[in-house]
S.K.: 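Got a structure for you, questions after.
Starting from 1, each residue takes its place in the sequence as its number.
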Amino acid sequence: SAPAAMASVRAVLAVAALRGWMPKMRDAAQAYIQARIDDPGRPKTWVRLPKAWWPSSWFTTKGEPVYYDPVCPLVKALYGHPESGAIWEKHLSKVLIDLGWKKVPSHPGTWIHARTFAVLAVYVDDLLMTAPAAQEEASLWKSLEEKISFDEPAAPISKFLGAHHTFKKQGHVTHHSVQMREFLQDAALKYKQETGISTLATVRTPYLPESFSAKGEEAEGKQAKTCSSHLMKLLFAARLARPDLSVAITRLASKVTSWNLSHDRALKRLIQYVEHTADLELHGTLSSEDLGSAILVMSPDVDLANDLETSKSTSGLWLELMSSDGLRSWPLGWKSKRQGSTASSTCENEVISATTALKADALPMLDLLESALGRTVHLQCREDHTQCIQAAETGYSKALGHLSRTERISLGVLHEVFVEQTAGSPNIQYQETASHKGDMFTKRLDPAPFEAALQRISLLAPAGATPAKAAKP
């Protein structure tokens, strides 16, 4: 199946805030077995039943089996069948199309109702809908209930995909926060149980001041066989609600096949930070008065050749929906990823980072928002490198014929989107590094700038929480 991405879910919540609607969630009951696997034209699937499930007709009057190894045709898309997810998705898609929903091509698992502009995100068997007035919303759910079975009635979003959401309206303004405290505490507990560590000291960042040891400099790490399990669990939290973990996880994940003692130390530091910041909440705020004017803002960045083993750079991105006055914003996506090739200059790196973010994240999000809001949404790029801005504004010319094909394409894409399509008013703006929201996704930061970065993206301790004392840097 193709479930909705986390960015799609956050976009649905942002649309709800702009329209003043309340998002509701529901679970499809035993979703897979609501779909048939024996449709005409499909190959037959045969299953063996446990003997306790055999009908009486399969036994003689003496209780002996009539058949040696009986099988029967599978009718429903049973859990565990490799095609069940796709069959359930096809079944649900047909139901939604018949009911007037339209799929957003750029965002799998995301649907918009043609008549009401209600938005629906589907993550396998979890459905999240935001719709107009209560009567209209109830009608949409009722029409779904006629085709799909649900476990519970629709309820305001609270725990969705393992993350805890708070969605509050105050007048025209909607405040949203999301946290994964119990999930992260459990991740730290599993690490402590495995390593035999009873307590972990408080730290201010997920980074050690030391760099990783080069391959072969230190012995294999004690967590070499289990590091992937720890990192993948944390990665799930990083994708849903904890962008501050992205860089540390990405850096360590690239070392799982050559894990050494320096990576053990870095993993311990990451778990220390996770345990003592488990209650951090990611906040977003928008007003229904921003419905006609909110803009999509992308803040791409890059750190030149920061991978000492490969000379490659790390691209970072922060994507948000922002009120036109800049006073309110809603996080939509973030990314930290090592580039696939080595760049020869910071400007080249910045162009590649911005173009990649534009094509992979910003333009698909723009498509979703414009479809959901029924209007043009302006896209703005915030860049901390003046040469990159100048190159994008100037665009490609024959004088740059020495550039590689990839670089020429990247430059051309930026120029077309942010200059040619903006009626001559470039929509790529300079923002200094100290206040740039994408900077924290490119590299390891020291405690003070790291904590300032958390404030910039509104990743905050719960109201009334006591700051940690005597935290190590």
S.K.: Do the ring centers of H283 and H176 come within less than 6.0 Å of each other?
M.R.: no
S.K.: Does R115 come within less than 4.0 Å of E136, counting only side-chain N to carboxylate O?
M.R.: yes
S.K.: Below 4.5 Å, heavy atoms only, C-beta onward: do M298 and L379 meet side chain to side chain?
M.R.: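 The answer is yes, as the side chains (C-beta and beyond) meet within the 4.5 Å cut-off.
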S.K.: Taking the six-membered ring of F441 as reference, does the cationic atom of K337 (NZ for Lys, CZ for Arg) lie under 6.0 Å from its centre and within 45° of its axis?
M.R.: no
S.K.: Does the pair E145/R26 count as a salt bridge with the N-to-O cut at 4.0 Å?
M.R.: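 Salt bridge present between E145 and R26.
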S.K.: For the pair K94 and D98, find out whether any cationic side-chain nitrogen is under 4.0 Å from an anionic carboxylate oxygen.
M.R.: yes
S.K.: In terms of ring plane angle, is the pair W318 and W334 parallel, tilted or perpendicular, where the classes change at 30° and 60°?
M.R.: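 Aromatic pair W318/W334 classed parallel.
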S.K.: With the side chain counted from C-beta on, respond yes when L280 and R242 share a heavy-atom pair under 4.5 Å apart, and no when they do not.
M.R.: yes
S.K.: Is the charged tip of K255 near the ring of W259: under 6.0 Å from the six-membered ring centre and within 45° of its axis?
M.R.: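 Not flagged: K255 not positioned over aromatic ring of W259.
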S.K.: Using side-chain heavy atoms (C-beta onward) and a distance below 4.5 Å, is P243 in contact with L282?
M.R.: yes
S.K.: Which heavy atom in A241 sits nearest to a heavy atom in L459, and how many Å separate them?
M.R.: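 So the two residues come closest at O-CD1, 4.0 Å.
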S.K.: So, do K443 and V247 sit near enough that their side-chain heavy atoms are less than 4.5 Å apart?
M.R.: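 No, every pair of side-chain atoms sits at 4.5 Å or beyond.
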S.K.: For Q30, does the CD atom have more than 12 heavy-atom neighbours from other residues, nucleotides or ligands under 6.0 Å away?
M.R.: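 Counting other residues, nucleotides and ligands, CD of Q30 stays at 12 neighbours or fewer.
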S.K.: List in chain and number order the residues that pass side chain to side chain contact (heavy atoms under 4.5 Å, CB included) with T130, two or more places apart in sequence or in another chain; answer none if no residue qualifies.
M.R.: V12, A16, W21, P23, V119
S.K.: Quick one: closest heavy-atom pair of A372 and R19, and the distance?
M.R.: O-NH2, 3.0 Å
S.K.: With R265, which residues qualify under salt bridge (charged side-chain N to carboxylate O under 4.0 Å, His left out), at least two apart?
M.R.: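 R265 satisfies salt bridge (charged side-chain N to carboxylate O under 4.0 Å, His left out) with E210, E218 once adjacent residues are dropped.
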S.K.: For Y207, is the NZ or CZ atom of R269 found under 6.0 angstrom from the centre of its six-membered ring and inside 45 degrees of the ring axis?
M.R.: no
S.K.: Ignoring hydrogens and geometry beyond distance, is a side-chain donor-acceptor pair present between H230 and E194 at under 3.5 Å?
M.R.: yes
S.K.: Please identify each residue that fulfils side chain to side chain contact (heavy atoms under 4.5 Å, CB included) with L200, with sequence neighbours left out.
M.R.: K192, I197, K268, I271, Q272, E275, H276
S.K.: Is there a side-chain contact between M440 and D244, using heavy atoms and a 4.5 Å cut-off?
M.R.: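 Touching, per the 4.5 Å side-chain cut-off.
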S.K.: Contact between Y273 and T202 at the side-chain level, heavy atoms closer than 4.5 Å - yes or no?
M.R.: no
S.K.: Pair up each side-chain donor or acceptor in residues 66-78 with any protein partner under 3.5 Å, not counting sequence neighbours, and list the distances.
M.R.:
unit_1, atom_1, unit_2, atom_2, d
D69, OD1, R48, NE, 3.0
D69, OD2, R48, NE, 3.1
D69, OD2, R48, NH2, 3.0

S.K.: For E350, give me all partners under salt bridge (charged side-chain N to carboxylate O under 4.0 Å, His left out), at least two apart in sequence or on another chain.
M.R.: none
S.K.: Indicate, with yes or no, if the rings of F160 and F167 have centres closer together than 6.0 Å.
M.R.: no
S.K.: Do R338 and S313 touch side chain to side chain, with heavy atoms closer than 4.5 Å?
M.R.: no
S.K.: Please, which pairs that meet ring-ring contact (aromatic ring centres under 6.0 Å, His included) have at least one residue in residues 124-159, sequence neighbours excluded?
M.R.: W141-F150
S.K.: I'd like to know if K335 and D361 make a salt bridge, using a cut-off of under 4.0 Å between side-chain N and carboxylate O.
M.R.: yes
